[in-house]
Amino acid sequence: MTLLFTLLALTSCSVLGNDKSLPEAPTSTHNSSYVKPPYAPQITNQVTWSSGRSDLKILAMTFDDGPHPQNTPRLLDMLKQRGIKATFFTIGRSVDLYPAIAKRIVDEGHEIGNHTYTHGNLSKMSERGVRKELDKGKEAILRATGVLPRIMRPPYGALYNNQRQWVLDAYGYPTILWSVDPMDWKDRNASIVSNRLISRASPGGILLAHDLHKTTVDAMPTTFDTLLAQGYKFVTVSQLIRLTSQAQQ
Ligand SMILES: [Zn+2]
């Protein structure tokens with residue numbers, strides 16, 4: 001009897017301790033044995049994505065290496081003013097430093113992707129090292145925002161094909177690269193960055209930028225307004241993948 005009581009007490013504690021933001025347990029009156037899914041559902045079987053379908057005038061704008069305490073909120077204001085949804089590949093360590101900004105990213109309808117915890121070069125790491133980077137990056141995002149990332153981008157785009165397949169199998173993450181790189185980390189000049197993004201954008205494109213840099217954020221109003229005027233619609237990476245996968249069926 002005492003044992004039963006103890007078991008019941010433990011069970012109710014673990015139920016109360018469940019994160020409310022995670023998916024509900026399957027319908028069952030006895031869900032105490034339910035184990036939370038460790039990862040968000042997999043959205044695609046395609047290992048690598050550098051662009052999506054080209055028959056729709058859609059673009060996925062992606063911002064890497066944030067959150068940054070000044071530049072990311074400023075960018076979020078710009079996106080909000082225009083009703084644009086973007087994708088942020090955050091560094092877990094920075095998410096731990098600025099959890100409220102990461103939360104704002106998700107609350108305002110943007111997608112958040114795993115960009116590791118320390119921004120290390122995964123192609124030079126053992127499987128254990130890669131796992132540690134992705135796990136810690138994912139956990140930082142979950143702690144700050146209550147959601148799990150569904151996609152990842154390796155720092156420097158550096159990940160071998162066999163590693164990408166393993167990451168998809170182990171985490172359900174497709175590797176997200178890009179079709180346009182404006183080299184904004186190198187050329188800290190808003191008009192250069194803006195001109196490169198605009199002139200190289202094409203339907204289904206995934207555009208790379210870094211919200212870490214002030215000049216990149218300075219480049220965004222012109223970039224957004226010009227591309228919107230050209231008839232482009234901005235979607236998140238997961239939306240781009242879904243729209244593309246639907247078209248392939
Ligand atoms: Zn990066």
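Excluded from the calculations below are hydrogen atoms, water molecules and symmetry mates; all remaining heavy atoms, backbone and side chain alike, are included.
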Next item on the list: Quick one: do Arg82 and Asp225 satisfy salt bridge (charged side-chain N to carboxylate O under 4.0 Å, His left out)? Show the steps, please.
Entry: CA-CA 8 Å; Arg82 293 165 177 81; Asp225 293 340; 2.7 Å; yes
Check: Are Glu108 and Leu79 close enough, and set up right, to give a side-chain contact (heavy atoms from CB on, under 4.5 Å), and what steps lead you there?
Finding: CA-CA 9 Å; Glu108 295 187 359; Leu79 291 165; over 6 Å; no
Next item on the list: Check the pair Ile84, Phe224 against side-chain contact (heavy atoms from CB on, under 4.5 Å), reporting the backbone distance first and the verdict last.
Entry: CA-CA 9 Å; Ile84 291 173; Phe224 293 147; 3.7 Å; yes
Check: Can you list the steps and then say if Arg104 with Asp77 is a salt bridge (charged side-chain N to carboxylate O under 4.0 Å, His left out)?
Finding: CA-CA 11 Å; Arg104 186 180 161 195; Asp77 290 343; 2.7 Å; yes
Notebook entry, point to check: What do the steps show when you test Thr44 against Arg242 for side-chain contact (heavy atoms from CB on, under 4.5 Å), and what is the final call?
Noted result: CA-CA 8 Å; Thr44 177; Arg242 272 197 212 98; over 6 Å; no
Note to self: Applying side-chain contact (heavy atoms from CB on, under 4.5 Å) to Thr226 and Leu197, what does each step give before you reach the verdict?
What the structure shows: CA-CA 10 Å; Thr226 307; Leu197 287 169; over 6 Å; no
Item checked: Working for ring pair (Phe, Tyr, Trp, His ring centres under 6.0 Å), residues Tyr98 and His68 -> CA-CA 8 Å; Tyr98 310 109; His68 180 279; 7.5 Å; no
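Contact of the Pro67 side chain with the Phe88 side chain is not registered, since no non-hydrogen atoms from C-beta on lie closer than 4.5 Å. Contact annotation: the side chain of Val193 never approaches that of Thr215 to less than 4.5 Å [non-hydrogen atoms, C-beta and beyond].
Side chain of Arg53 to main chain of Thr244: no donor-acceptor pair is present (N/O by atom type, distance under 3.5 Å, no hydrogens or angles). Looking at Lys80, its side chain never comes within 3.5 Å of a backbone N or O of Leu75 through a donor-acceptor pair. Between the side chain of Arg153 and the main chain of Phe89, no donor-acceptor pair closer than 3.5 Å is present. At distances below 3.5 Å, at least one donor-acceptor pair connects side-chain atoms of Thr62 with backbone N or O atoms of Leu207. In terms of modelled atom types and a separation under 3.5 Å, the side chain of Gln239 and the main chain of Thr236 share a donor-acceptor contact. No donor-acceptor pair closer than 3.5 Å links the side chain of Ser54 to the backbone N or O of Gly204. With Gln46 contributing its side chain and Pro174 its backbone, the two residues share no donor-acceptor pair below 3.5 Å.
Here the rule is side chain to side chain contact (heavy atoms under 4.5 Å, CB included) with Pro154, and of Leu177, Val167, Thr116 only Leu177 fits it. Paired with Glu111 under the rule side chain to side chain contact (heavy atoms under 4.5 Å, CB included), one option of Val237, Val147, Leu240 passes, and it is Val237. Of the residues Asp211, Val217, Thr87, the one that meets the side chain to side chain contact (heavy atoms under 4.5 Å, CB included) test with Phe63 is Asp211.
Residue Met61 holds its CE atom at 8.5 Å from CG of Leu227, rounded to the nearest 0.5 Å. From Asp65, atom CG reaches atom CD1 of Ile91 across 4.0 Å, with rounding to the nearest 0.5 Å. We find the CE-CE distance between Met78 and Met220 to be 8.5 Å, quoted to the nearest 0.5 Å. Taking CH2 from Trp49 and OG from Ser238, the interatomic distance works out to 10.0 Å, rounded to the nearest 0.5 Å. Atoms CD1 and CZ, on Ile176 and Arg150 in that order, are 11.0 Å from each other to the nearest 0.5 Å. Once rounded to the nearest 0.5 Å, the distance linking OG1 of Thr48 with CZ of Arg164 reads 4.0 Å.
Applying the 6.0 Å contact sphere to NZ of Lys57 captures more than 12 heavy atoms from other residues, nucleotides or ligands. Atom CH2 of Trp166 sits in a crowded spot, with more than 12 heavy atoms from other residues, nucleotides or ligands closer than 6.0 Å. Tyr160 OH: 12 or fewer foreign heavy atoms inside a 6.0 Å radius.
Side-chain atoms of Asn161 and Gln165 form no donor-acceptor pair, as typed in the model, at a separation below 3.5 Å. Counted by atom type alone, Asn114 and Tyr171 present zero donor-acceptor pairs between their side chains at under 3.5 Å. Between the side chains of Ser191 and Asn189, a donor-acceptor pair is found at a separation under 3.5 Å. With no hydrogens or angles considered, a side-chain donor-acceptor pair links Thr223 and Ser194 at under 3.5 Å. Side chains of His213 and Asn71: a donor-acceptor N/O pair is absent below 3.5 angstrom, by distance only.
For Glu127, there are no salt bridge (charged side-chain N to carboxylate O under 4.0 Å, His left out) partners, not counting sequence neighbours. Residues passing the side-chain hydrogen bond (donor to acceptor under 3.5 Å, both in side chains) test with Thr118 are Glu133, sequence neighbours excluded.
The two atoms that bring Leu56 and Pro203 nearest to each other are O-CB, 3.2 Å, heavy atoms only. Taking all atoms of both residues into account, the shortest heavy-atom contact from Arg196 to Pro182 is NH1-O, 2.9 Å. Here the shortest heavy-atom pairing between Lys103 and Ala144 reads CD-O, 3.3 Å. The two residues Ser179 and Ser51 make their nearest non-hydrogen contact at CB-CB, 4.3 Å. Listed here is the closest heavy atom pair of Pro73 and Ile101: CG-CD1, 4.0 Å. Taking all atoms of both residues into account, the shortest heavy-atom contact from Ala190 to Ala219 is O-CB, 3.3 Å.
For residues 200-210, the set of pairs meeting the side-chain hydrogen bond (donor to acceptor under 3.5 Å, both in side chains) definition, not counting sequence neighbours, comprises Asp184-His210.
Each of Ile206 and Leu228 belongs to its own hydrophobic cluster when Ile, Leu, Val, Met, Phe, Trp and Tyr are linked at side-chain heavy-atom distances under 4.5 angstrom.
We find that Asp96 and Arg143 are joined by a salt bridge, their nearest charged nitrogen and carboxylate oxygen being less than 4.0 Å apart.
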